[in-house]
Every structure is written in C-alpha cells, then in structure tokens.
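Order of appearance sets the numbers: ligands from 1, and atoms from 1 within every ligand.
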Amino acid sequence: MWLKVLTLACVVNTLLPSMAVNSSLVDNLWKIVPGDVSSAPATDKLQFTSPSLVVCAAQATAAQSSFFCHDKVTCVIITKSILTGYLGVPSASLEWKCYLTGPWCRPPFMQVRDLGCLQFDINNLMNFSAARTSCPPPATLWYPKSDQQAATIADYLTNQRYPAPAGGVCGSSVPLPDGYPGPCRPTGTATCCNATGVCGGTTADCTCPTCINYRTVAKAFWTGFQRKAGVWTYDDNRTVMDTLGVAPWGPIDPKNTYDCAAIFFAPAYNTYYQYSDVNCTASSYASICLWPELA
Ligand SMILES: *[C@@H]1O[C@H](CO)[C@@H](O)[C@H](O)[C@H]1NC(C)=O
Ligand SMILES: *[C@@H]1O[C@H](CO)[C@@H](O)[C@H](O)[C@H]1NC(C)=O
Ligand SMILES: *[C@@H]1O[C@H](CO)[C@@H](O)[C@H](O)[C@H]1NC(C)=O
Ligand SMILES: *[C@@H]1O[C@H](CO)[C@@H](O)[C@H](O)[C@H]1NC(C)=O
Ligand SMILES: *[C@@H]1O[C@H](CO)[C@@H](O)[C@H](O)[C@H]1NC(C)=O
C-alpha cells in the first residue's frame, strides 16, 4: 500500500514539479461534461493510476490538456486538441466523470454573443427530419429563446458571418473563429469561394472541386422551429405569432404552405436572414446546432 502511494507520488512529481494542487483548481477551472475516453488510443492520451481527482486535474493542466476523465482509480488525459469522439459522448460507465476547461465552445462550435455555443453546419445539407438528429450530442438544433435572439442571429448571419469579405478574400487563409473557411456573401455576383480563395461568380469560381457556393450552403438554416397541429412553435413549446412580418418572420411570411421554417436569406425582400416557412422535405438546407450550457 505505502509502496504504491510512494510510486504514485514519484510519478506525479516527475510530471508535475511545482503545481499547487488543491480542489479549487478543479472547481474553478474545470466543468463536468459528457465524455467517453474508453476508445482513446495511447497516442491521444496520458494515463495513470490515481484516486485523486485533483491530481488528475493538475496533471491535465500541466500537460496543457483541456479534457480529462477520472473514475476514482484511473486518470485519462486527452492530449489532442480536437476532442471529437471524446467530448459530448455519453460515457459507457457511470463511474467515469469527464472534465473540460475553457474556452467552453470548441470548434466547430463557437461563442456567438448572447446566443451561446453554436455550430453553423454548412457542410451537410439535409431535410428537416434529418437535421433534427444531425447535431453532435449533446447539441440540439438551435432556436431563439426570445424575439431578441431571433433578431440577434439574423444580424449575426447577415452582418458578421456572411457579409462581403474584405478584398473578396475567402477560404482557409481567412478562417472564421470556429474553423470554417472564410465565406463569401451569399448574395450578389460573387457568391463562390474559388480555388485561389477569392470570391467570384464564374463557372470556374463556382464548380471546381474545392469551390464553395455560399448561395447554396448559407441560404437557409434549420432550427428547432415547426408547425405542430397547425400552431407554429419553438422546441420549448412557446407559440410563434402566425402574423405576416411579425418577428421572427420575414415580411411575406408565414405563407402557411409548409410545416417547417428556416432562417432564410431573402435579400430580394430586403430582409436578409429571417424566418420563412419552407418544405420540410427539402434536403437543401444547413443547420444551426446549440451546445447546451454545461452545468
Ligand atoms: C488553492 O489554490 C488557489 C489558486 O491557486 C489558492 O488561491 C487557494 O488559496 C488554494 N487553497 C488552499 C486551501 O490551499
Ligand atoms: C479566383 O478569382 C480571382 C479573382 O477573380 C482570380 O484572379 C483567380 O484566378 C481565380 N482562381 C481560379 C483558380 O480560378
Ligand atoms: C413540449 O411539449 C411536448 C408535448 O406536449 C412535451 O413532450 C415536451 O416535453 C415539451 N417540451 C418542453 C421543453 O417543455
Ligand atoms: C430526409 O432525409 C433522409 C436522409 O437523406 C431520408 O432518409 C428521409 O427519408 C428524409 N425524410 C423526409 C421526411 O423527407
Ligand atoms: C416538398 O418537396 C418535395 C420534394 O422534396 C416535393 O415532392 C413536394 O411536392 C413538395 N411539397 C410541396 C407542397 O411543395
């Protein structure tokens, strides 16, 4: 027993020469999050035996890791910066608890002021029912919690995320904060990011293998918004006014032709991103996912 403790102490000392170890380290820096490290290969992790959560957290900090899991016996520290497959995955066993340190939004999610950690998934265009299950757990389709949020996201999409880029430069040399390549404005004559990373509108600009046409992929986004039994509702069951042009609708919506709605880019009506009712089976829209607040 003592030998074991002594051995552990040595291991810890080697890895961690002078880090102050106390429980406020865990409380202040780390949040419990869903996670699973059972499939992590050796190249992605540091693993050692320790009954102490605090030691595990301190080691993770020392290793400049932002994610670790502990089951009261074993500490597994993920050393990769991309946490896909580990973070947000339900743990196979209740004994495991996983911890994440800030920043709390990780690509492809990003913090959008007043809205939370959002993912603008433009790489997968799909219908509404597919979008419902497309967000990586525990994320779900985003929807506005208030009329104010409906206006905030429209403003963000129109004026911050998809405005005309400076000098027409787009692509991986000017990435967005969430890692997506810098976009072009989805309206006008230069909606395509071409192979050299310049916005243009010719066939060559729009159809090369690496070209992205933002008129297509940033045109509309599914969110948690639907007409159920004839009543427009958000996923938290708040009712949406069925009145033309009243927030969050655009000026000519809802037409009440369809039971789904998307934040739709409609510059012809000078509304930019606003809600329009759209065909639920149209598999041509992107989605906006929300990473839940981590308790
Ligand atoms: C724990 O560490 C924090 C920050 O390093 C320090 O402010 C605090 O006084 C320490 N608490 C104890 C009980 O040692
Ligand atoms: C991309 O567009 C710019 C500006 O029109 C042009 O100079 C460049 O040649 C284009 N790249 C390709 C690969 O077509
Ligand atoms: C919304 O209503 C449905 C059906 O009445 C219910 O199952 C669901 O839990 C409600 N959702 C919320 C967030 O209250
Ligand atoms: C939505 O798309 C999925 C995947 O392409 C397909 O399996 C499903 O049948 C579609 N559902 C509807 C309602 O169109
Ligand atoms: C909705 O779109 C589907 C194709 O995805 C089409 O078959 C259907 O007719 C459309 N419904 C309406 C009412 O336009």
Side-chain angles (χ1 to χ4, degrees), residues 31-34 84-85 88-90 104-105 108-109 112 114-153 180 186 191 209 212-269 271 273-295:
K31 283 189 191 186
I32 293 193
V33 294
T84 310
V89 182
W104 308 115
C105 301
F109 287 79
V112 180
D114 300 329
L115 300 177
C117 295
L118 302 183
Q119 177 192 15
F120 298 87
D121 183 1
I122 63 167
N123 294 326
N124 302 296
L125 304 183
M126 56 187 95
N127 63 39
F128 184 70
S129 54
R132 269 252 170 267
T133 54
S134 72
C135 295
T140 53
L141 278 182
W142 178 85
Y143 58 88
K145 300 282 190 300
S146 61
D147 287 352
Q148 180 56 50
Q149 283 203 343
T152 301
I153 194 126
Y180 286 106
T191 63
I212 300 176
N213 188 346
Y214 288 89
R215 195 192 292 280
T216 307
V217 300
K219 180 176 70 176
F221 296 88
W222 297 118
T223 71
F225 189 119
Q226 234 178 320
R227 188 165 61 163
K228 292 177 187 167
V231 181
W232 287 104
T233 45
Y234 294 116
D235 277 355
D236 61 7
N237 293 336
R238 276 178 304 125
T239 300
V240 179
M241 295 272 281
D242 193 353
T243 309
L244 223 57
V246 170
W249 298 108
I252 59 159
D253 289 294
K255 299 177 200 73
N256 289 327
T257 313
Y258 304 115
D259 287 338
C260 287
I263 298 182
F264 203 94
F265 191 71
Y269 297 99
T271 61
Y273 287 96
Q274 294 289 344
Y275 277 95
S276 296
D277 53 330
V278 298
N279 191 338
C280 302
T281 64
S283 36
S284 45
Y285 304 138
S287 48
I288 302 176
C289 302
L290 171 72
W291 190 271
E293 283 291 317
L294 300 170

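- A distance limit of 4.0 angstrom between heavy atoms and ligand 4 selects the residues Asn127, Ser129, Thr281.
- When each of Phe225, Phe128, Phe221 is checked for a side-chain contact (heavy atoms from CB on, under 4.5 Å) with Leu141, only Phe128 meets the rule.
- When all heavy atoms of Ala262 and Trp222 are compared, the pair lying nearest together is CB-CE3, 4.3 Å.
- Results of the side-chain hydrogen bond (donor to acceptor under 3.5 Å, both in side chains) test with Thr223 over Tyr275, Trp142, Tyr234 single out Tyr275 as the only residue that passes.
- Among the atoms of Asn237, some N or O lies under 3.5 angstrom from an N or O of ligand 3.
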Without placing hydrogens or testing angles, list every side-chain donor-acceptor pair under 3.5 Å for residues 115-123, not counting sequence neighbours.
residue : atom : partner : partner atom : Å
Asp121  : OD1  : Asn123  : N            : 3.2
Asp121  : OD1  : Asn124  : ND2          : 3.3
Asp121  : OD2  : Asn124  : ND2          : 3.0

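- Between Phe109 and Trp291, the two ring planes are perpendicular [angle over 60°; tilted spans 30° to 60°].
- Nearest approach of Trp232 to Pro254, heavy atoms of both residues: NE1-CB, 4.1 Å.
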